[in-house]
Amino acid sequence: MRGLKSLLFLFVFLPLLVFSQETLHYVPGRGLRIQPIKSTLGGYVTVSYERSDIHESFELDDLALLIYGHPLERFKYFLELELDDLYSVKNGKKRFKKRIDIERGYIEFLLSEAFKLRAGRFITPVGLWNPIHINVLKWTTSDPLTATEFFPKFTTGLEVFGNLPSDFSYSMFAQNNRGISEGYNNFLTRKVIGGELRKELGENLKIGLNGGWFEIKEPEEELTFFGTNILYRVPKLELSAELMYAIEKEKYLPETRWSYRLSYYAQGVYRVFRGNYAIVRYGFFKDKSDLRHYRILTLGWNFRPVYYTAFKVEYQLRRKKELSTFLTSFSWMF
Amino acid sequence: MGGVIVALLTALAVAVGWAGDIVFIVSKDSDIEGITLSELRKIYLREKEFVGGQYAVPVNLPAGNPIRKVVERKVLRMDREELELYWNRKYLDGTEPPVVLSSEKAVKEFVRKVKGAIGYVDEDNLEEDLKVIYRLKR
């Protein structure tokens, strides 16, 4: 609770005390602009509920506060602190988490359009889904497995990125150290390298190719991943698909064993009427284990009464009926 | 009352196609000589940050301004709802939307003073010390 109070003090009361009212400008869902330091304070929160035959959970998660700015022409900074799973009830067990994690914390140097450098903890720039994993931005509460099983969601290290001629853009990233808030990631890893190359084909179509390698600490494994993605967007309609493939080297066994994992999804989003979106997604995942072989059809609805909120409901149909899941969430940006 | 009449006449002029082109402008001293529609779109969506080695500072007129509406429709090619969703993502990614200034006069002043600034005005309000880098038919 003390952590939460400290956060509120740092992010809300301190700016109000230090800066005069005239230099502060608040817009709902766009944060508090602090003109003297050319920075913005804001955040978001999510409440979610999930139910299947074998699982039920309610979570107040993703309470995040962020501050970022662009104080110099070629310098930016970004800090996002998060109380993830702040309060949850999972299968009847209540939990109140007090730990604050750094979701993102980096500085950025803009050397040119083609060469920008980021250092710190950032979202791993791979695929379509991972860079927009924040609940309020996503079309559905759940994530496709292409975004969770193939590479670490966050990297603590260096990223070089930029726009190239002929509508190409790229990102390359590397880590060779302990991670910031490394427990708050989908893989515990200290060695990562990878990149993605994207190409725009006109205004409506984007394709991407990615690849990389990383080492998992526990259990000791190495994953080499490759992927591709495509995004087509016209007014009212968005079609997207991603495919990921990884070669897995299990080093913890007496004899090193090689295996693979494969996943893909295809998704369609249609704006039915103002603020209302219908979503259909088909996803596939398979790895060495027969238990982890999924085909998931997700039918969802995303309702945005105002631009800074999202109500979502979805139903995931799976082959095993007991795994079919209903999910709903409300998220709000402030 | 005078302001209302001017606004009504402007709206009428736009409706019957009398209004001039919209011109994208930079300071006369700027190194930027010309720009493509695609580059302009990326600059206003903050996907492109440099033009010819210069850090670009795009400037908007207020939401609801008739010139801005044309720019959103013809340059950004997004409706209001699409733009709001777009800026949601940018907001949580640490990117500020273009600066909003209250009038064409303020845009011209800003463009004169700030290196790399790019704004737009009605061509009828263009002044000699400003350089046109793109002309948009209404």
Side-chain angles (χ1 to χ4, degrees), chain A residues 27 29-31 33 38-40 42-44 64 66-70 72-74 76-80 104 106 108 110-116 122-123 131-134 136-139 162-163 167 169 200 202-204 233-236 238 271 274-275 277 302 304 306-310 333, chain B residues 30-32 35-60 62-64 72-102 110 113-118:
Chain A
V27 177
R30 296 285 180 265
R33 180 74 182 158
K38 295 184 179 173
S39 295
T40 300
Y44 55 90
L66 47 93
I67 181 165
Y68 59 80
H70 195 160
L72 303 171
E73 189 177 283
R74 290 173 188 256
K76 292 181 183 179
Y77 72 92
F78 191 106
L79 176 65
E80 178 179 355
R104 286 178 280 178
Y106 57 77
E108 207 173 286
L110 314 174
L111 299 167
S112 70
E113 189 61 35
F115 193 80
K116 298 167 191 177
F122 47 84
I123 294 172
I132 53 156
H133 72 279
I134 295 166
V136 72
L137 301 177
K138 297 186 300 183
W139 291 117
N163 294 316
D167 291 327
S169 63
E200 288 179 31
E203 271 178 26
N204 306 113
R233 196 182 272 152
V234 288
K236 295 190 176 184
E238 182 186 294
R271 180 165 50 163
R274 184 169 168 75
Y277 300 84
N302 186 318
R304 295 177 178 271
V306 283
Y307 64 89
Y308 50 87
T309 62
M333 302 192 306
Chain B
S30 170
D31 296 333
I32 308 169
I35 201 165
T36 66
L37 185 62
S38 166
E39 283 177 311
L40 209 49
R41 181 174 194 263
K42 286 181 180 176
I43 287 166
Y44 270 84
L45 292 175
R46 305 307 301 265
E47 286 178 357
K48 184 177 172 66
E49 294 178 290
F50 291 84
V51 186
Q54 172 64 54
Y55 185 78
V57 185
V59 186
N60 254 333
E72 287 180 351
R73 199 177 70 244
K74 293 199 163 186
V75 178
L76 307 185
R77 289 198 265 278
M78 288 191 199
D79 64 24
R80 181 92 329 243
E81 189 170 338
E82 287 173 296
L83 279 169
E84 281 165 353
L85 292 183
Y86 178 84
W87 288 112
N88 278 355
R89 181 175 171 183
K90 288 289 184 187
Y91 162 59
L92 294 181
D93 218 18
T95 304
E96 292 284 345
V99 175
V100 177
L101 295 173
S102 59
F110 189 86
K113 282 183 190 164
V114 177
K115 202 174 179 195
I118 299 174

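In what follows, chains carry the letters A, B, and so on, assigned in the order in which the sequence lines appear, proteins first and then strands, with residues in each chain numbered from 1.
- Residue B:L92 touches chain A through both its backbone and its side chain, counting heavy-atom pairs closer than 4.5 Å.
- The existence of a salt bridge linking B:E84 and A:R304 is excluded, since no basic side-chain nitrogen approaches an acidic carboxylate oxygen closer than 4.0 Å.
- Rounding to the nearest 0.5 angstrom, the gap separating the OG atom in A:S112 from the CD atom in B:Q54 is 13.0 Å.
- Within the 4.5 angstrom heavy-atom criterion, only side-chain atoms of A:I134, from C-beta onward, approach chain B.
- Chain B forms more heavy-atom pairs under 4.5 Å with one residue of A:R271, A:E200, A:R74, A:K236 than with any other, namely A:R271.
- Using a cut-off of 4.0 Å between Lys/Arg side-chain N and Asp/Glu carboxylate O, A:R233 and B:E82 are scored as not salt-bridged.
- When B:D93, B:T95, B:N88 are compared by the number of non-hydrogen pairs under 4.5 Å with chain A, B:N88 comes out ahead.
- How far NE2 of A:H70 is from CD of B:E96: 10.0 Å, rounded to the nearest 0.5 Å.
- A salt bridge does not link B:K115 with A:E73: every distance from a Lys NZ or Arg NE/NH1/NH2 to an Asp or Glu carboxylate oxygen is 4.0 Å or more.
- Using modelled atom types, no side-chain atom of A:N163 and backbone atom of B:K48 make a donor-acceptor pair closer than 3.5 Å.
- Side-chain contact between B:L85 and A:Y277: present, with at least one pair of heavy atoms (C-beta onward) separated by less than 4.5 Å.
- In this view, A:S39 and A:Y77 satisfy the side-chain hydrogen bond (donor to acceptor under 3.5 Å, both in side chains) rule, not counting sequence neighbours.
- For A:Y68, the part sitting under 4.5 Å from any heavy atom of chain B is the side chain, from C-beta outward, and nothing else.
- B:K42 and A:E113 are not joined by a salt bridge, as no carboxylate oxygen comes within less than 4.0 angstrom of a charged side-chain nitrogen.
- In this structure, B:E81 and A:G275 approach most closely via the heavy-atom pair OE2-N, 2.9 Å.
- Expressed to the nearest 0.5 Å, how far OH of B:Y91 lies from OH of A:Y44 amounts to 10.0 Å.
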